[in-house]
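In what follows, every heavy atom counts, from backbone to side chain, and hydrogens, waters and symmetry copies are set aside.
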Amino acid sequence: MIKGMFTSSSMAYPCQISKELEQYVVTNAPPTVYYIPDFITEVEEQYLLQEVYKAPKPKWTQLSGRRLQNWGGLPRPKGMLAEKLPDWLLKYTNRISDLGAFNGKAANHVLVNEYKPGEGIMPHEDGPLYHPTVTTISLGSHALLDFYRPIGQCGTEGPRDEESRCLLSLLLRPRSLLILREEMYERLLHGIRNDWEDTLTERVANLSSASAQPGGVLTRGTRVSLTIRHVPKVICANLLLGRKKC
């Protein structure tokens, strides 16, 4: 990581992705993937993990295969009732917004997911409630994120099982930042398999930038991901009755 590159300097966010990120584009994937190893330091990683686990028990929601925390509000079709992000998250949401990830807007929503070894998430898309960019900081352990063609894109004679529809994978190391935009966000599904270890193949598009080799086997630990996004449609608490945007 270039020293001092990823520090938030102002609250006026760029309308375009920083040109300094061009060196982090994953070139053998569809548009567009940025993978930044060591986006945060080990000290920052431990700080974030401490803050995540300091959250009160009611903040956690248990799902099948993982548990999560929701910060910033609950996105809904009629608008997200905005809640201020805590300072320990704001430092990092501002840093990512300062890269121009959200076209001049500030990240205002963070989903914290905890995956224990053997846990994952089925292939899915993030949906229309978010600005079409997703950014993820990984903490604690790696993940192998798989990308799939939707069944509708495969044609009537195309493959329908998950393995055949899997187009590529990305290795997310602890302390890395992943940014997905355009086709990678809008046209492909993404998911994490329910495995205890991951075998790396040539299908992993960012092997080099993730300092990995084909044939490597990585054993999973407990991983916490910070999924940082911008929700465009927001309702302020003091304007709720009028249903006005902030």
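- Relative ring orientation between W88 and W71 is described as perpendicular, the plane-to-plane angle rising above 60° on a 0-90° scale split at 30° and 60°.
- Ion pairing of E51 with K54 is present here, as a side-chain N (NZ or NE/NH1/NH2) and a carboxylate O approach within less than 4.0 Å.
- When each of N206, T201, D146 is tested with S169 by the rule side chain to side chain donor-acceptor pair (under 3.5 Å), just one qualifies, namely D146.
- Scanning for side-chain contact (heavy atoms from CB on, under 4.5 Å) contacts around S208 gives an empty result, with sequence neighbours left out.
- Side chains of E125 and Y148: no donor on one and acceptor on the other come within 3.5 Å.
- There is a side-chain donor-acceptor pair under 3.5 Å between N94 and Y13.
- When the shell of 6.0 Å around CD of Q62 is examined, it contains more than 12 heavy atoms from other residues, nucleotides or ligands.
- Within a 6.0 Å radius of NZ in K116, no more than 12 heavy atoms belonging to other residues, nucleotides or ligands are found.
- Annotation: side chain of D98 is in contact with side chain of P14 (closest heavy-atom distance under 4.5 Å).
- Other residues sharing a hydrophobic cluster with M122 under the 4.5 Å side-chain heavy-atom criterion for ILVMFWY residues do not exist; the residue is a singleton.
- To the nearest 0.5 Å, the span separating CD on E44 from CG on L139 amounts to 10.5 Å.
- Residue pairs meeting the salt bridge (Lys or Arg N to Asp or Glu O under 4.0 Å) criterion with at least one member in residues 129-139, sequence neighbours excluded, do not occur.
- No continuous path of hydrophobic side-chain contacts links I192 to V204 [ILVMFWY only; heavy atoms under 4.5 Å].
- R67 and E119 are not joined by a salt bridge, as no carboxylate oxygen comes within less than 4.0 angstrom of a charged side-chain nitrogen.
- Ring-plane geometry between H230 and F102 is classed as tilted, the angle between the planes lying from 30 to 60 degrees on a 0 to 90 degree scale.
- A donor and an acceptor atom, one from each side chain of S138 and R173, are nowhere located under 3.5 Å apart.
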